[in-house]
**Q** 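Here it is, the structure in full.
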Amino acid sequence: METDVGVSTSEEANGSAAKKKPTVVFVLGGPGSGKGTQCAYIVEHFGFTHFSAGDLLRGEIDSGSENGLMIKSMMNEGKIVPSEVTVKLLQKAMEESGNEKFLIDGFPRNDENRAAFAAVTGIEPAFVLFFDCPEEEMERRILNRNQGRDDDNIETIRKRFKVFLQSSLPVVQYYESIGKVHKIDAARPVEEVFESVKAVFTSINEKVKPHGRVQQKSTLLKLQLKWKMSFLRNGVCKGY
Ligand SMILES: Nc1ncnc2c1ncn2[C@@H]1O[C@H](COP(=O)(O)OP(=O)(O)O)[C@@H](O)[C@H]1O
Ligand SMILES: Nc1ccn([C@@H]2O[C@H](COP(=O)(O)OP(=O)(O)O)[C@@H](O)[C@H]2O)c(=O)n1
């Protein structure tokens with residue numbers, strides 16, 4: 001079992017004493033692309049805590065909260081629930097978890113989600129996993145899912161696909177434009193998809209290990225500082 005994935009924050013890389021922010025990986029993809037399935041494997045191998053925005057919203061409905069009815073009717077229409085509600089649920093879940101590495105699945109689903117999360121938590125994702133899957137395959141998977149979800153009917157599924165194309169894909173494109181997306185071909189058997197996912201997490205691990213680039217750079221800076229101090233103390237500091 002590999003557990004190491006700790007994606008260092010800029011604070012860590014600079015060696016400053018600033019409070020370490022949690023590592024967040026956003027897991028995106030159309031409805032039925034296999035986000036939840038793959039997250040379960042990632043948790044098992046890499047020690048993340050997984051939160052599904054959809055599950056948190058369904059939990060809110062089941063808890064009988066005052067937002068429950070509003071959430072239920074929006075989900076039944078395949079619409080995106082206001083960010084205020086979803087971000088609050090995610091923030092609370094992260095705070096209560098005791099972990100500092102999170103997979104957040106099905107979020108952000110639109111630009112409002114993305115901006116609200118950044119503004120409220122101050123956290124930017126370490127990277128984004130994007131499960132790329134053709135619509136016909138996603139539709140087949142959802143219709144076979146059998147989880148008794150009210151929104152897994154053909155009419156709502158089509159609405160969710162439309163919302164995905166209009167609102168969620170632009171978020172993926174935004175993260176692509178800043179080089180944060182790892183795109184995975186999700187139209188393969190579960191085990192094959194996970195091999196690709198594993199490769200992403202393993203390569204991130206490699207980059208932040210003691211002999212990785214980030215660490216080497218900060219070690220070099222520390223050494224340079226040490227030399228300068230020693231020259232200064234000995235009064236032979238010329239040209240530095
Ligand atoms: N690679 C795959 N091939 C075939 N079926 C899959 C694959 N990944 C997931 N499934 C199945 O498809 C359905 C949707 O997967 P799920 O993980 O719930 O998707 P999402 O979280 O993206 O909505 C589930 O019934 C799941 O067992
Ligand atoms: N960030 C999010 C995530 C889900 N949702 C709602 O929850 C529904 C189900 O999302 P989900 O992630 O559980 O399931 P999939 O559509 O990915 O299969 C969405 O269609 C939205 O109505 C939301 O409003 N905002």
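In listed order, ligands and their atoms are each counted from 1. Predicted, not measured: the structure shown is a model, and the values here were computed from it.
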**Q** Which of the atoms in ligand 2, numbered in the order shown and given with their element, are less than 4.0 Å from a heavy-atom of Lys35?
**A**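 Counting atoms of ligand 2 from 1, those under 4.0 Å from Lys35 are 17 (O).
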**Q** Before signing off on this row, confirm whether Val193 and ligand 1 have an N or O atom pair separated by under 3.5 Å.
**A**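 No, since none of the N or O atoms of Val193 sits under 3.5 Å from an N or O of ligand 1.
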**Q** What I want to know is whether Gly34 and ligand 1 share at least one N or O pair that is separated by under 3.5 angstrom.
**A**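 Yes, there is a polar N/O contact under 3.5 Å.
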**Q** Of all the non-hydrogen atoms in the protein, which one sits nearest to atom 11 (C) of ligand 1, and at what distance?
**A**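 Closest protein heavy atom to atom 11 (C) of ligand 1: Arg141 CD, 4.3 Å.
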**Q** Considering only the protein, which heavy-atom contact is closest to atom 21 (C) of ligand 2, and what is its distance?
**A**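 Minimum-distance protein heavy atom for atom 21 (C) of ligand 2 reads Lys79 O, 3.3 Å.
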**Q** Is a salt bridge present between Lys79 and Asp151, judged by a nitrogen-to-oxygen distance below 4.0 Å?
**A**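 Between Asp151 and Lys79 there is no salt bridge, as every charged N stays at least 4.0 Å from the carboxylate O atoms.
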**Q** Tell me which protein heavy atom sits closest to atom 24 (O) of ligand 2, plus the residue, atom name and distance to 0.1 Å.
**A**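 Nearest neighbour among protein heavy atoms for atom 24 (O) of ligand 2, to 0.1 Å: Val81 N, 2.7 Å.
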**Q** For Phe117 together with Phe107, are the ring centres under 6.0 Å from each other?
**A**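 When the ring centroids of Phe107 and Phe117 are compared, they turn out to be within the sub-6.0 Å range.
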**Q** Would the distance check show the side chain of Arg58 and the main-chain N or O of Lys72 forming a donor-acceptor pair, the cut-off being under 3.5 Å?
**A**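 Side chain of Arg58 to backbone of Lys72, a donor-acceptor pair under 3.5 Å: no, none is there.
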**Q** Is a donor on one side and an acceptor on the other found under 3.5 Å between the side chain of Lys21 and the backbone of Gly122?
**A**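 Checking the backbone N and O of Gly122 against the side chain of Lys21, a donor-acceptor pair under 3.5 Å is found.
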**Q** To the nearest 0.1 Å, how far is atom 23 (C) of ligand 2 from its closest protein heavy atom, and which atom is that?
**A**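 Nearest protein contact, heavy atoms only, for atom 23 (C) of ligand 2 is Leu57 CD1, 3.5 Å.
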**Q** Is it the case that the side chain of Lys101 and the backbone of Phe46 share a donor-acceptor pair, with hydrogens and angles ignored and the cut-off at 3.5 Å?
**A**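 Checking the backbone N and O of Phe46 against the side chain of Lys101, a donor-acceptor pair under 3.5 Å is found.
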**Q** Go through ligand 2 atom by atom and flag the ones less than 4.0 Å from a non-hydrogen atom of Gly32.
**A**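 In order of numbering, the contacting atoms are 18 (O).
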**Q** Report yes or no: does a heavy atom of Arg149 sit under 4.0 Å from some atom of ligand 2?
**A**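 Yes, that is the case, since the closest heavy atom of the residue is under 4.0 Å from the ligand.
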**Q** Which residue and non-hydrogen atom of the protein lie closest to atom 7 (O) of ligand 2, and at what distance in Å?
**A**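 Here the closest protein heavy atom is Met75 CE, 3.1 Å.
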**Q** Do any nitrogen or oxygen atoms of Ser33 come within less than 3.5 Å of a nitrogen or oxygen of ligand 1?
**A**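 The answer is yes, given that Ser33 and ligand 1 share an N or O pair closer than 3.5 Å.
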**Q** Taking the six-membered ring for Trp, is the centroid-to-centroid distance between Phe130 and Phe26 below 6.0 Å?
**A**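 Aromatic pair excluded; centres sit 6.0 Å or further apart.
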**Q** Do me a favour and list the nearest non-hydrogen protein atom to atom 26 (C) of ligand 1 with residue, atom name and distance?
**A**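 Checked against all protein heavy atoms, atom 26 (C) of ligand 1 sits closest to Thr37 OG1, 3.7 Å.
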**Q** Among protein heavy atoms, which lies nearest atom 13 (O) of ligand 2, and at what distance?
**A**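 Protein heavy atom with the smallest distance to atom 13 (O) of ligand 2: Arg58 NH2, 2.8 Å.
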**Q** For Gln91 and Thr121, run side chain to side chain donor-acceptor pair (under 3.5 Å): C-alpha distance rounded to whole Å, both residues' side-chain angles, the deciding distance at 0.1 Å, then the answer.
**A** CA-CA 7 Å; Gln91 195 180 27; Thr121 66; over 6 Å; no
**Q** Would the Phe201 and Phe127 ring centres measure less than 6.0 Å apart?
**A**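 Between Phe201 and Phe127, the centre distance is under 6.0 Å.
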**Q** May I ask you to identify the nearest protein heavy atom to atom 20 (O) of ligand 2, giving residue, atom name and distance to one decimal place in Å?
**A**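 I find the closest protein heavy atom is Arg160 CG, 3.6 Å.
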**Q** Is it the case that the side chain of Lys35 and the backbone of Asp105 share a donor-acceptor pair, with hydrogens and angles ignored and the cut-off at 3.5 Å?
**A**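 Absent.
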**Q** Considering only heavy atoms of Ile80, which atoms of ligand 2 have at least one such atom less than 4.0 Å away?
**A**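 That gives atoms 24 (O), 25 (N) of ligand 2.
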**Q** Side chain of Asn76, backbone of Ile71: donor and acceptor closer than 3.5 Å?
**A**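 Flag not set: sc Asn76 to bb Ile71 has no pair under 3.5 Å.
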**Q** Quick one: is the NZ or CZ of Arg109 closer than 6.0 Å to the six-membered ring centre of Phe164, and within 45° of its axis?
**A**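 That pair does not qualify as a cation-pi contact.
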**Q** Under 4.0 Å from a heavy atom of Pro189: which atoms of ligand 1 are those, numbered in the order shown and with their elements?
**A**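 By the 4.0 Å cutoff, the relevant atoms are 1 (N).
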**Q** Can you tell which part of Asn113 has a heavy atom less than 4.0 Å from ligand 2: side chain, backbone, both or neither?
**A**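 Just the side chain.
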**Q** Apply salt bridge (Lys or Arg N to Asp or Glu O under 4.0 Å) to residues Lys92 and Glu95 and explain how you reach the verdict.
**A** CA-CA 5 Å; Lys92 185 163 172 272; Glu95 278 168 9; over 6 Å; no
**Q** Considering only heavy atoms of Phe107, which atoms of ligand 2 have at least one such atom less than 4.0 Å away?
**A**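 Listed by number with element: 1 (N).
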**Q** With the threshold set at under 4.0 angstrom, would you say Arg145 reaches ligand 2 through any of its heavy atoms?
**A**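 Arg145: in contact with ligand 2 (<4.0 Å).
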**Q** Of all the non-hydrogen atoms in the protein, which one sits nearest to atom 18 (O) of ligand 1, and at what distance?
**A**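 Nearest protein contact, heavy atoms only, for atom 18 (O) of ligand 1 is Arg145 NH1, 2.9 Å.
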**Q** Is the closest N or O pair between Ser52 and ligand 2 shorter than 3.5 Å?
**A**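 N/O-N/O distance below 3.5 Å does not exist for this pair.
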**Q** Ligand 1 versus Arg188, non-hydrogen atoms closer than 4.0 Å: side chain, backbone, both, neither?
**A**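 For Arg188, only backbone atoms sit under 4.0 Å from ligand 1.
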**Q** Quick one: look up the protein heavy atom nearest atom 12 (O) of ligand 2 and list residue, atom name and how far away it is.
**A**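 Checking every protein heavy atom, the shortest distance to atom 12 (O) of ligand 2 gives Arg109 NH1, 3.0 Å.
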**Q** Considering Gly54, Gly30, Gly36, Ala40 one by one, which has a heavy atom nearer to atom 21 (O) of ligand 1 than any of the others?
**A**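 Minimum heavy-atom distance to atom 21 (O) of ligand 1 goes to Gly36.
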**Q** Which of the atoms of ligand 2 are close to Pro31, meaning less than 4.0 Å from one of its heavy atoms?
**A**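 By the 4.0 Å cutoff, the relevant atoms are 15 (P), 16 (O), 17 (O), 18 (O).
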**Q** Run the salt-bridge test on Glu139 and Arg158 with the 4.0 Å N-O cut-off and return the result as yes or no.
**A**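 So Glu139 pairs with Arg158 through a salt bridge.
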**Q** Looking only at distance, does Asp151 have an N or O less than 3.5 Å from an N or O of ligand 2?
**A**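 By distance alone, the answer is no.
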**Q** Judged by atom type as modelled, is there a donor-acceptor pair below 3.5 Å linking the side chain of Lys180 to the main-chain atoms of Pro125?
**A**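 Yes, the answer is positive, given that a donor and an acceptor are paired below the 3.5 Å cut-off.
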**Q** Donor-acceptor check, side chain of Gln38 to backbone of Val190, threshold 3.5 angstrom: yes or no?
**A**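 Answer holds: yes.
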**Q** Suppose we measure from atom 3 (C) of ligand 2 to each protein heavy atom; which comes out shortest, and what is that distance?
**A**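 Protein heavy atom at minimum distance: Gly106 O, 3.2 Å.
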**Q** Hey, does Asn144 come in under 3.5 Å of ligand 1, counting only N/O atoms on both sides?
**A**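 No; every N/O pair is 3.5 Å or more apart.
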**Q** Could you grab the distance from atom CD of Glu195 to atom CD1 of Ile184, nearest 0.5 Å is fine?
**A**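 Atom-to-atom, Glu195:CD and Ile184:CD1 are 11.0 Å apart.
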